[in-house]
Amino acid sequence: MHPKGAAWSVWRWHDGKQWLPDWYINLELPWVRTSMGFDSQDWTLDVVARRHPEGRWSVRYKDEDELAFYADQGLVSEADRSMIERTGQKATAAVHAGSFPFDADWSRWTPQPNWVAPQLPAGWDAVR
């Protein structure tokens, strides 16, 4: 799920029986539509949120060490690192505020067993 204009997407996993408890928030360049679909860039730092049965959310960051390494090596500027960290704080605030898509009850939605994976169109692998 990618909230339009947001600098993150939200990933969930379903094991065929139930939703797994974690909501994975991938911090990334806001999506841009291209002729092949969408383009973005991963920002390394991620947020993992879990909604507990009583409704409370817990949140943790993932790959802070990797982002620090990239910054230390000069692969990510300090300005970009700060922007990425602020984006993580905004995503965390959205979780705790119950903003979309964290306000929805996804528990009853399940993939239909007869759904098949879509086929990639011809030329999907050609960068233009």
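FYI, the numbering just counts along the sequence from 1.
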remark   = The salt bridge (charged side-chain N to carboxylate O under 4.0 Å, His left out) partners of Arg50 (sequence neighbours excluded) come to Asp22
key: Linked, directly or transitively: Trp19 and Val48 (ILVMFWY side chains, under 4.5 Å)   = no
task = May I ask whether Leu20 and Trp11 are part of the same hydrophobic cluster, defined by side-chain heavy atoms of I, L, V, M, F, W, Y residues being less than 4.5 angstrom apart, directly or through others?
result = yes
request  = For the residue pair Ser9 and Met1, establish whether any side-chain heavy-atom pair is separated by less than 4.5 Å.
outcome  = no
ask   = Any side-chain heavy atom of Arg51 sitting closer than 4.5 Å to one from Arg56?
value = no
Determine all donor-acceptor pairs shorter than 3.5 Å in which one atom belongs to a side chain in residues 88-101; sequence neighbours excluded.
unit_1	atom_1	unit_2	atom_2	d
Thr92	OG1	Tyr61	OH	3.1
Thr92	OG1	Gly88	O	2.9

query = Is the closest side-chain heavy-atom distance between Asp80 and Tyr70 below 4.5 Å?
reply = no
message = Between His14 and Thr110, is there a side-chain heavy-atom distance shorter than 4.5 Å?
response = yes
query = Can you find a side-chain donor-acceptor pair between Ser58 and His52 that sits under 3.5 Å?
reply = yes
key: Considering all heavy atoms, the nearest Ala49-Ile25 contact   = CB-CD1, 4.2 Å
Which pairs of donor and acceptor atoms, one on a side chain in residues 37-46, lie under 3.5 Å apart (sequence neighbours left out)?
unit_1	atom_1	unit_2	atom_2	d
Ser40	OG	Leu29	O	2.5
Asp42	OD1	Asn26	ND2	3.2
Asp42	OD2	Thr44	N	2.9
Asp46	OD2	Tyr24	OH	2.6

Arg81 side, atom CZ; Glu64 side, atom CD - distance, nearest 0.5 Å = 9.5 Å
ask   = Strictly under 6.0 Å, is that where the ring centroids of Trp57 and Trp23 end up?
value = yes
query = Between Pro3 and Trp8, is any pair of side-chain heavy atoms under 4.5 Å apart?
reply = yes
ask   = At their closest point, which heavy atom of Pro30 faces which heavy atom of His2, and how far apart are they?
value = CA-NE2, 4.4 Å
query = Any sub-3.5 Å donor-acceptor pair from Asp63's side-chain atoms to Glu66's backbone N or O?
reply = no
ask   = Rounded to the nearest 0.5 Å, how far apart are CG of Leu27 and CE of Met83?
value = 9.5 Å
